[in-house]
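Chain identifiers are assigned alphabetically (A, B, ...) following the order of the sequence lines, protein sequences preceding nucleic acid strands; residue numbering begins at 1 within each chain.
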Number of protein chains: 2
Amino acid sequence: MKANQQPASKKPLNLRALQNTPGFMIRLVQLKFFEGFYEQFAEMGISPASYAILALVRDNPGVAPSSVAGLLRLQLPNLIKMLNELESAGLIKRSRSKADRRAVELVLTPKGNKLIQEAAKISEPYNRRMLAPLSEAEQGTLIEMLNRILPL
Amino acid sequence: MKANQQPASKKPLNLRALQNTPGFMIRLVQLKFFEGFYEQFAEMGISPASYAILALVRDNPGVAPSSVAGLLRLQLPNLIKMLNELESAGLIKRSRSKADRRAVELVLTPKGNKLIQEAAKISEPYNRRMLAPLSEAEQGTLIEMLNRILPL
DNA sequence: TATTGTTATACTCTATAACTATA
DNA sequence: TATAGTTATAGAGTATAACAATA
């Protein structure tokens with residue numbers, strides 16, 4: 001250790017190119033959201049994916065696994081594993097459709113309903129924290145832009 | 001098959017909650033960017049991660065692996081594997097620092113320089129395609145917001 | 001003793017193939 | 001034959017532990 005004292009970081013790197021690369025920034029922001037999620041929801045034993053599944057089933061009782069997989073961009077076999085866990089945990093229930101006995105209908109159990117309700121409460125401070133550097137109006141603009149980039 | 005004819009999709013699902021969940025939308029947009037990246041850069045044999053590494057080394061010749069890992073949010077051992085591949089492919093060169101012989105300095109080879117230059121050209125139509133639903137001004141706003149959410 | 005880079009390894013996430021049952 | 005769901009399995013990506021060389 002001689003001179004060259006800088007607090008902790010080494011050098012002022014040139015990051016302009018990457019900062020102006022949308023895909024790169026989106027990826028880093030996404031990692032930040034995931035990291036923040038696990039911090040905020042640590043005690044609930046819930047992941048971003050399971051949160052999305054529960055919210056989707058809550059708003060669409062009877063929805064089919066294939067629909068959930070399609071919307072969440074998960075391969076069906078991978079979703080099935082998560083559904084098995086959610087069902088084992090007593091959060092969702094599977095039943096066979098009477099119209100088409102191949103089809104499965106997903107619904108929340110009371111326990112699942114309670115969990116997603118608590119999670120929704122926690123999600124408010126979580127989103128506030130993640131988006132703190134943006135004004136309310138800007139947060140709305142961001143959401144709107146994201147929905148335009150990826151129409152659902 | 002009786003009645004109930006709807007083109008291909010099954011039902012009009014209620015997606016409002018998820019559409020208004022920033023982390024969820026950011027994740028889906030990020031997946032779209034990755035998917036689009038592999039389409040557009042298919043022939044170059046380059047991944048989003050290796051693109052970022054090459055661009056970072058190009059703009060910061062002599063940068064240390066630990067700095068690259070920190071910025072790209074990769075664990076150092078995982079970055080090392082990628083560096084091994086990039087070096088084997090003749091795209092980057094490692095050399096030991098003379099000041100601190102533990103430290104490694106990364107630079108692009110001429111071949112690496114040529115590759116990132118070609119990739120940068122392809123990245124223009126790629127970004128244009130990904131962000132097509134946004135106006136030029138909106139694209140700038142988005143980038144600026146992302147940088148505020150995740151200051152680098 | 002602390003730091004940088006590296007290797008080995010385990011774990012999670014994602015993708016593909018094949019099977020069951022119903023249509 | 002085609003479709004919805006499921007199982008099994010392989011691969012990619014990510015995280016942790018331990019080591020070598022140097023400070």
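- Rounded to an integer number of Å, the gap from B:Leu83 CG to C:dT4 P is 16 Å.
- Candidate nucleotides C:dT16, D:dA23, C:dA23 were compared by shortest atom distance to the side chain of A:Gln75, and C:dT16 ranks first.
- We find that CG of B:Leu31 is positioned 8 Å from P of C:dT14, with the value rounded to whole Å.
- Closest approach to the A:Pro77 side chain among D:dA23, D:dG5, C:dA17 is made by C:dA17 (side chain taken as heavy atoms from C-beta onward).
- Going from atom CE of A:Met82 over to atom P of C:dT12 covers 13 Å, rounded to whole Å.
- Nucleic acid contact for B:Asn78: base, since at least one base atom lies under 4.0 Å from a heavy atom of the residue.
- For the side-chain contact (heavy atoms from CB on, under 4.5 Å) test, residues two or more places apart in sequence or in another chain that qualify with B:Arg94 are B:Ile80, B:Leu83, B:Asn84, B:Glu87, B:Val104, B:Leu106.
- Although no hydrogens or angles enter the test, the distance criterion places no donor-acceptor pair under 3.5 Å between the side chain of B:Asn113 and the main chain of B:Leu108.
- Atom CG of A:Leu76 is separated from atom P of C:dT16 by 14 Å (rounded to the nearest Å).
- When the nucleotides C:dT4, D:dA4, D:dG13 are ranked by their closest atom to the side chain of B:Tyr38, D:dG13 comes out on top.
- Both A:Ala99 and B:Ala103 lie close to DNA chain C; mapped to their nearest nucleotides by heavy-atom distance, the more 5′-ward contact belongs to B:Ala103.
- Counting to the nearest Å, the P atom of C:dT4 and the CD atom of B:Glu105 are 14 Å from each other.
- Atom pair B:Lys81:NZ and C:dG5:P shows a separation of 18 Å (rounding to whole Å applied).
- Side chain B:Arg102 to base C:dT3: a donor-acceptor pair is found below 3.5 Å.
- At least one donor-acceptor pair closer than 3.5 Å links the side chain of A:Thr141 to the backbone N or O of A:Ala137.
- Rounded to whole Å, atom P of D:dT6 lies 7 Å from atom CG of A:Asn84.
- For B:Pro65, the side-chain atoms get nearest to C:dT6 when compared with the rest of C:dA23, D:dA4, C:dT6.
- Within the 4.0 angstrom heavy-atom criterion, no nucleotide atom of any strand lies near A:Ala49.
- Proximity note for A:Ala64 (side chain, C-beta onward) versus C:dA23, D:dT14, D:dG5: the nearest is D:dG5.
- Whole-Å rounding puts the B:Arg96 CZ to D:dT22 P distance at 8 Å.
- Taking the six-membered ring where tryptophan is involved, the planes of B:Tyr38 and B:Phe34 are perpendicular, since the angle between them exceeds 60° and thus also 30°.
- Among residues two or more places apart in sequence or in another chain, the salt bridge (charged side-chain N to carboxylate O under 4.0 Å, His left out) test is passed with A:Glu138 by B:Arg148.
- Checking C:dC13, D:dT7, C:dG5 against the side-chain heavy atoms of B:Ser66 singles out C:dG5 as nearest.
- No contact: B:Arg73 has no heavy atom under 4.0 Å from any strand.
- If you check C:dT14, D:dG5, C:dG5 against the side chain of B:Arg27, the one that comes closest is C:dT14.
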